[in-house]
Amino acid sequence: MTEKRKSIHGSWSGRLAFILAATGSAVGLGNIWKFPYIAGENGGGAFVLVYLLCIAVIGIPIMMAEVLLGRRGRQSPINTMRTLAQEAGANPLWRWLGGAGVLAGFLILSYYSVIAGWALAYVYRSAAGTFTGATAEGIASIFRQLTGDPERLLAWHTLFMVMTMIVVARGVRSGIEKAVRFLVPALFVLLIMLDGYALAGGAFDQGLRFLFTPDFSKITANGVLIAMGHAFFTLSLGMGAIMVYGSYLPERTSIAKTSIIISLLDTLVAMLAGMAIFPIVFVNGLEPGAGPGLIFQTLPIAFGHMPGGVLFGTLFFVLLVFAAWTSAISLIEPAVAWLVENRRVSRVYAAVYAGVATWGFGLLTILSFNIWAEFKPLSFISIFKDYTVFDLLDYLTANIMLPLGGLLIAVFSVWIMKRDDSLQELDMGDGPGYRLWYALVRYVTPVAVLIVFLNVTGLLDFVGLFGLAEE
Ligand code: TRP
């Protein structure tokens, strides 16, 4: 048995803290903002089913793999991968898997923060009573005014990045852990209240039907890739965020149990969000495929008409900001941990360096909604013909970088790492649970990710297999 390593960054106070932090990372804009709009754009039920399937057979096993690698390496993803590759006698190039993760986190946070800025702007608008009595058209125009104004977007994006840097600078226990203890439970309570509103408002069953009745004629190969990419995105997998959180996990905590709990909570939030939003969409005759503005153009209608709407609306957007905040922290933590380890700088400096770079890159997203709104860089490729720079960034990271990162994490943990090592780290005995995990990560995950990729690129179609690729 190898001697246990220790993290220089400290550790969680216990199992609950890890669950809250990882749930805080998983639950974010992905669940409340992104899931409803991509489900809406991709036809609803069939998309949701594919997504749920991906969570179960790909997401949970990969989450376990990430936590196990992190806890064994006890460092930032780059150094963890370097150490574990050394231990397994594998190629040192594996550290680049950690490097790619840091890059993916940087790219994701650059746009994530801009959207979180919208939520901040909406806190202010709800509290000021701007939505009270407003029509769907009025609210759509409030949204257009916000996204059409690059300076306002920049101001909110700046505020959000500063908030993120502050928590990360404070460190694992007094920053991240303190923040999530309160924020995560509060979000659940508020979402359930919103569902109550949707339930009472009519069209609840239409919303449910949209979400849960699969119609496979509505989904394309690209839709399947988006569903799979979202499974990675929503569980924060494939770039080392969960790995770095795993590196702060105390020994003896069950990795399997905690991963399942985190994944279930995350899925629950997405479902609660979908069930709150689609009834409001249908009751107001709105378009489920409205795109990234969906929740910002639907939920305020509900808040504008319900009793106590100013209070609930403000609270809701506050919590959305919190959900985004606890996720943003995990997107930047791998980079910060790495800077501290390799550049010997303090956490404060590391947080500022990484944060300022991310902030600057966020300009690309800000401009995508106004000055560059008609700029479609890859319009010559049919699936990207309507994609702005922001859409492309999102597609590249969520649908390509994260599944590829996840694929390599899977390959490393069962093909490269010694079986005895994963067995020891998962600590669940060599029974059916471990074997199921091993088989899923060894065969199912890599094959599934590859099939979906090849389908979208049309390669399988070319070979005449799986005639799914449509465009
Ligand atoms: N999971 C978060 C959400 O759904 C976003 C997120 C946080 C993330 N950390 C990540 C996505 C790491 C991918 C990788 O909003």
Side-chain angles (χ1 to χ4, degrees), residues 20-39 51 54-55 58-59 62-63 65-67 70 76-77 97-98 100-119 160 164 167-168 176 179-180 183-184 187 191 226-246 259 262-263 265-274 292 295 319-337 354 358 393-409:
L20 287 173
T23 306
S25 165
V27 173
L29 296 173
N31 307 61
I32 301 170
W33 160 73
K34 193 172 180 195
F35 168 74
Y37 96 75
I38 57 177
Y51 154 81
C54 289
I55 297 275
I58 304 180
I62 296 218
M63 181 177 287
E66 264 201 44
V67 179
S76 68
L97 174 54
V102 169
L103 178 68
F106 166 79
L107 295 176
I108 295 175
L109 184 55
S110 80
Y111 69 78
Y112 202 85
S113 166
V114 175
I115 313 292
W118 299 357
F160 186 78
T164 304
V167 177
V168 177
I176 306 178
V180 296
L183 302 180
V184 176
L187 182 72
L191 263 180
I226 295 174
M228 181 177 79
H230 189 63
F232 283 94
F233 187 92
T234 192
L235 294 178
S236 304
L237 298 177
M239 57 70 65
I242 292 294
M243 198 186 289
V244 82
Y245 276 15
S259 299
I262 295 159
S263 306
L265 288 174
D266 183 78
T267 308
L268 182 66
V269 173
M271 296 302 124
L272 287 174
I295 66 160
L319 286 172
L320 185 60
V321 168
F322 285 161
W325 200 4
T326 54
S327 299
I329 295 165
S330 74
L331 282 162
I332 206 172
E333 178 66 19
V336 170
T358 314
L393 255 181
D394 175 36
Y395 193 93
L396 169 72
T397 49
N399 303 336
I400 299 177
M401 295 181 84
L402 299 181
L404 273 184
L407 173 74
L408 291 171
I409 287 168

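Every number for a ligand or one of its atoms is a count from 1 in the order of the listing.
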Original post:
Hey, are the side chains of Ile108 and Leu393 touching, using non-hydrogen atoms and a 4.5 Å cut-off?
Top reply: no
Subject >> Side-chain heavy atoms of Pro292 within contact of Ile115, under 4.5 Å >> reply: no
Protein contact of [atom] - nearest heavy atom, named by residue and atom, plus distance:
{"atom": "atom 7 (C) of ligand 1", "value": "Ser236 OG, 3.3 Å"}
{"atom": "atom 11 (C) of ligand 1", "value": "Phe233 O, 3.2 Å"}
{"atom": "atom 2 (C) of ligand 1", "value": "Ser25 O, 3.1 Å"}

Original post:
If hydrogens are left out, which of Ser330, Ala241, Ala328 has an atom nearest to atom 9 (N) of ligand 1, that is, the closest non-hydrogen atom?
Top reply: Ser330
Original post:
Is it true that a side-chain atom of Asp266 and a backbone atom of Thr23 form a donor plus acceptor pair closer than 3.5 Å?
Top reply: no
Original post:
Are any side-chain N or O atoms of Trp33 and backbone N or O atoms of Ile295, one a donor and one an acceptor, separated by less than 3.5 Å?
Top reply: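 Not confirmed, Trp33 side chain does not pair with Ile295 backbone.
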I'd like to check which ligand 1 atoms, numbered from 1 as shown, lie under 4.0 Å from a non-hydrogen atom of [X].
{"X": "Leu402", "result": "13 (C)"}
{"X": "Leu29", "result": "15 (O)"}
{"X": "Leu331", "result": "7 (C), 8 (C), 9 (N), 10 (C), 12 (C)"}
{"X": "Tyr112", "result": "2 (C), 3 (C), 5 (C), 15 (O)"}
{"X": "Met239", "result": "12 (C), 14 (C)"}

Original post:
Aromatic rings His230 and Tyr51: how do their planes relate, parallel, tilted or perpendicular, breaks at 30° and 60°?
Top reply: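 Rings of His230 and Tyr51: tilted, 30 to 60°.
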**OP:** Check the side chains of Ser236 and Ser25 for a donor-acceptor pair under 3.5 angstrom, ignoring hydrogens and angles.
**Re:** yes
Original post:
Can you find an N or O of Ala26 that's nearer than 3.5 Å to an N or O of ligand 1?
Top reply: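 Yes, Ala26 has an N/O under 3.5 Å of an N/O on ligand 1.
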Subject >> Separation between CH2 of Trp325 and CG of Leu320, rounded to the nearest 0.5 Å >> reply: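 Interatomic distance, Trp325 CH2 to Leu320 CG, rounded to 0.5 Å: 13.5 Å.
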